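Shown next, in structure tokens, is the structure this report addresses.
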Amino acid sequence: MNTLKKQGLDAPIVPLLYIIAGLVAISCAVIFRNNYSGYLWTLLYGIIMVLGGLIFIHTSMRGKHIIWDNILSTLTIPNDSKVLDLGTGHGLVLLKFASRLSENGHATGIDLWRNQDQSNNSIENTQNIIKSYHLDKVASVQTANMLDLPFKNNQYDFVVTSLALHNIKPATARKAALNEATRVLKSAGTLVIVDTGHKKKEYLSILQSNGFMIQEQNLLTLKVKINLDGDSLHLFLIYSKIGCEA
């Protein structure tokens with residue numbers, strides 16, 4: 001429970017609905033097995049739904065750590081870097097960057113702190129987490145909207161976001177968020193996005209129109225295959241450096 005409080009659970013209603021639906025299907029299959037010839041299919045469906053919910057939880061609790069550890073192993077992060085984490089939540093990505101900084105650098109996380117996006121999501125909780133890792137001198141959080149960032153142009157060496165962009169609707173709002181990320185990123189800065197794969201083409205189109213040079217793309221295929229909207233939960237990252245002059 002302490003780990004869950006520290007890390008939070010992404011979209012907590014989703015795995016809960018998966019597991020409830022699966023348990024209902026399994027119960028119906030068992031209860032009506034003598035009166036329903038297709039009970040095995042219902043039982044199989046229930047098992048898949050429960051497993052899907054459990055895998056979703058595992059991905060949220062553990063999978064993100066693996067993904068970001070792999071990403072950071074490919075990056076050169078000067079210890080005086082200025083980092084902005086969009087939709088920081090419990091600060092998982094924020095802390096990974098902050099741990100690589102000296103007191104000359106700083107990592108800032110912003111969020112709207114909505115519990116439907118992540119469980120136990122509050123600025124006070126994340127501030128306490130930062131203090132528990134003794135990183136409060138190089139990391140901080142504040143309330144801000146990705147669509148209207150309260151920061152100057154060309155301020156950050158790294159702008160990062162993890163499983164946050166797809167929560168922004170409609171597409172015009174996602175474009176505004178990416179435009180804001182571009183605005184506050186230094187001309188030689190790096191943008192890193194990890195998100196659900198079904199918005200990949202949309203993001204690439206916006207970034208390329210903003211002058212980004214796509215340096216690396218990876219598809220990190222996880223075991224969760226579908227979500228409530230019927231979209232794949234394959235994660236992807238874009239590791240990009242803006243290609244235009246300051």
Side-chain angles (χ1 to χ4, degrees), residues 1-73 87-93 95-96 111 113-122 125 129 161-171 174 193-203 217-238:
M1 289 300 292
N2 188 50
T3 300
L4 183 59
K5 185 177 181 181
K6 274 195 170 186
Q7 295 184 199
L9 182 63
D10 294 315
I13 191 65
V14 174
L16 179 62
L17 291 176
Y18 268 59
I19 292 170
I20 289 174
L23 292 176
V24 169
I26 291 170
S27 298
C28 289
V30 172
I31 293 171
F32 299 109
R33 65 184 183 278
N34 294 325
N35 303 312
Y36 173 45
S37 60
Y39 80 92
L40 286 176
W41 288 110
T42 303
L43 180 64
L44 179 61
Y45 171 81
I47 292 171
I48 291 173
M49 291 297 287
V50 170
L51 288 176
L54 294 175
I55 291 170
F56 190 106
I57 292 170
H58 172 76
T59 299
S60 179
M61 299 297 294
R62 178 62 184 151
K64 290 188 299 182
H65 282 277
I66 297 171
I67 291 167
W68 279 101
D69 285 342
N70 288 337
I71 293 171
L72 267 68
S73 70
T88 194
H90 288 65
L92 181 149
V93 181
L95 294 170
K96 288 183 182 296
D111 210 311
W113 316 108
R114 301 184 303 187
N115 281 312
Q116 63 263 41
D117 296 333
Q118 198 173 72
S119 62
N120 299 312
N121 197 16
S122 73
N125 189 24
I129 293 169
T161 182
S162 181
L163 294 174
L165 273 177
H166 71 278
N167 289 322
I168 300 174
K169 295 176 176 61
R174 290 191 294 274
I193 299 172
V194 172
D195 206 61
T196 52
H198 58 283
K199 296 290 191 299
K200 176 184 176 181
K201 290 183 179 179
E202 176 187 320
Y203 299 161
Q217 295 180 60
N218 288 320
L219 279 173
L220 303 173
T221 304
L222 303 180
K223 297 299 183 181
V224 183
K225 293 299 184 183
I226 58 173
N227 64 16
L228 293 182
D229 297 322
D231 295 311
S232 72
L233 280 178
H234 294 171
L235 299 184
F236 78 98
L237 68 90
I238 304 172

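No experiment lies behind these values; they were computed from the predicted model shown. Positions are given from 1 along the sequence.
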Rounded to the nearest 0.5 Å, how far apart are [atom1] of [X] and [atom2] of [Y]?
X: L23; Y: I47; atom1: CG; atom2: CD1; value: 11.0 Å
X: I26; Y: L44; atom1: CD1; atom2: CG; value: 10.0 Å
X: I129; Y: T88; atom1: CD1; atom2: OG1; value: 9.5 Å
X: L51; Y: I19; atom1: CG; atom2: CD1; value: 9.5 Å
X: D111; Y: H90; atom1: CG; atom2: NE2; value: 10.0 Å
X: L43; Y: I48; atom1: CG; atom2: CD1; value: 10.0 Å

What closest approach, in Å, do [X] and [Y] show between heavy atoms, and which atom pair accounts for it?
X: G46; Y: A25; answer: CA-CB, 3.7 Å
X: M49; Y: G22; answer: CB-CA, 3.6 Å
X: Y203; Y: R174; answer: OH-CD, 4.0 Å
X: L165; Y: D195; answer: N-OD1, 3.4 Å
X: W68; Y: S162; answer: NE1-OG, 3.0 Å
X: A164; Y: G87; answer: CB-CA, 4.3 Å

Open item on the list: Contact between V194 and T161 at the side-chain level, heavy atoms closer than 4.5 Å - yes or no?
Closed with: no

